[in-house]
Amino acid sequence: MSVDDDLPPPRALRSHGRIGVSTSLKPRDLMEEPLVAKGAWRAKIITLFPDAFPGTLGLSLTGKALDMGLWALDALDLRTFGIGKHRNVDDTPAGGGAGMVLRADVVDAALRQAAIGAPMDRARWPVVYLSPRGKPFDQAMARDWSAAEGMTLLCGRFEGVDQRVLDHWDVQEVSLGDFVLTGGEIAAQAMIDATVRLIPGVLGNHASTEEESFSDGLLEHPQFTRPAEWEGREIPPVLMSGNHGEIARWRKAEALKLTEARRPDLLAK
């Protein structure tokens with residue numbers, strides 16, 4: 001079934017967390033714009049549900065970094081680019097079948113808008129369609145994206161997107177996992193979060209990203225904190241020894257043990 005076409009025109013969105021995101025194509029008054037540092041990483045999201053953003057991205061450290069202008073977020077309302085009086089964005093699939101497909105001409109117009117001010121080099125500015133048939137998202141991908149100048153994410157709906165526009169724009173299809181969501185918005189937030197936290201200054205302590213799961217191809221070792229004994233369970237003595245060499249060896253051994261038990265595929269790589 002198609003989304004209700006009797007929707008109001010684009011408008012300034014409510015604030016989620018710390019920042020409001022506008023879906024209007026007209027420039028806003030400069031006093032309304034959030035501060036953005038020169039050269040800050042920017043995410044452009046094409047979606048039928050711009051109210052979903054920034055969502056959880058406006059909270060905690062990513063939200064604080066958004067406020068500080070360490071990264072920026074633009075939500076483009078796909079309905080704005082719809083066809084006709086009712087701004088239709090989809091049509092029935094060629095060859096028949098259930099559901100609806102996002103039109104090539106509508107998505108093309110949105111991608112053209114998102115491309116303004118963005119380099120065409122996909123290494124500098126990836127363009128991604130959130131799709132369950134795409135390449136699985138991983139930490140290495142997040143690192144590559146964080147090193148780019150920004151990226152555009154297309155959130156699909158219904159049965160998908162006309163293949164012609166994906167091919168025309170050299171869009172990369174990426175999957176959050178082996179399951180199907182009703183749309184790409186949740187996946188987009190997860191991938192942006194994983195990427196933004198790798199931008200210098202967002203987490204504060206960059207060393208924390210070097211020791212976590214997948215940073216060296218292994219799952220992270222177990223973590224402990226106060227109290228030293230809880231419910232009859234003690235912190236491993238080596239962690240209380242002050243011997244940093246022994247602690248590092250213990251953590252590496254535990255990481256290997258966990259990875260072998262839970263993700264042997266990582267060791268195979």
Side-chain angles (χ1 to χ4, degrees), residues 3-5 7-37 40-60 62-82 87 89-90 102-103 106-118 125-131 145-146 148-158 161 165 169 171-172 174 176 181-197 199 202:
V3 172
D4 183 7
D5 291 323
L7 296 177
R11 56 184 174 81
L13 301 180
R14 296 187 302 275
S15 175
H16 291 257
R18 295 174 169 83
I19 185 171
V21 182
S22 173
T23 59
S24 172
L25 295 182
K26 296 179 180 179
R28 294 180 297 172
D29 187 277
L30 292 177
M31 295 300 291
E32 297 179 7
E33 296 286 350
L35 294 175
V36 180
W41 190 90
R42 181 177 293 271
K44 297 186 180 184
I45 301 128
I46 299 171
T47 172
L48 279 168
F49 299 95
D51 276 318
F53 296 92
T56 56
L57 297 170
L59 306 175
S60 189
T62 54
K64 183 178 180 181
L66 194 59
D67 276 348
M68 294 171 61
L70 297 180
W71 70 287
L73 174 66
D74 300 323
L76 284 70
D77 188 348
L78 185 61
R79 185 68 62 181
T80 302
F81 307 93
R87 292 180 176 167
V89 300
D90 56 356
L102 291 176
R103 294 174 53 133
V106 172
V107 174
D108 175 69
L111 287 170
R112 287 180 183 276
Q113 179 66 28
I116 295 175
W125 195 282
V127 178
V128 172
Y129 167 45
L130 291 314
S131 166
W145 291 353
S146 70
E149 297 174 34
M151 65 184 302
T152 297
L153 297 100
L154 171 61
C155 299
R157 283 277 156 177
F158 318 125
V161 178
V165 73
W169 281 90
V171 176
Q172 179 184 10
V174 179
L176 188 60
L181 299 170
T182 56
E185 287 76 16
I186 293 174
Q189 287 201 26
M191 294 180 191
I192 292 172
D193 183 277
T195 301
V196 166
R197 64 193 302 277
I199 297 172
V202 171

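For this chain, numbers begin at 1 and follow the sequence in order. Everything quoted here is computed from the prediction, not taken from an experiment.
Nearest heavy atom pair, residue A43 against residue I192, reads CB-CD1, 4.0 Å. Summarising the geometry of S146 relative to W41, their closest heavy-atom pair is O-CD1, 3.9 Å, with the distance given to 0.1 Å. Of all the heavy atoms in V171 and V128, the pair that sits closest is CG1-C, 3.9 Å. Between Q189 and F53, the closest heavy-atom pair is CG-CE2, 3.6 Å.
Under the side chain to side chain contact (heavy atoms under 4.5 Å, CB included) criterion, A148 pairs with P126, sequence neighbours left out. Listed by chain and number, the residues in a side chain to side chain contact (heavy atoms under 4.5 Å, CB included) with L176 are F179, A187, A190, M191 (sequence neighbours excluded).
Salt bridge annotation for R103-D90: absent, with no cationic side-chain nitrogen under 4.0 angstrom from a carboxylate oxygen.
Formation of a donor-acceptor pair under 3.5 Å by the W71 side chain with backbone atoms of T62 is found in this model. Counting only distance, with no hydrogens or angles, the side chain of R79 and the backbone of R87 share a donor-acceptor pair below 3.5 Å. Checked by atom type and distance alone, the side chain of S131 never pairs as donor or acceptor with a backbone atom of V174 at under 3.5 Å. Looking at T47, its side chain does come within 3.5 Å of a backbone N or O of F49 through a donor-acceptor pair. Using modelled atom types, no side-chain atom of K44 and backbone atom of D74 make a donor-acceptor pair closer than 3.5 Å.
The environment of CG in L181 is crowded: more than 12 heavy-atom neighbours from other residues, nucleotides or ligands sit within 6.0 Å.
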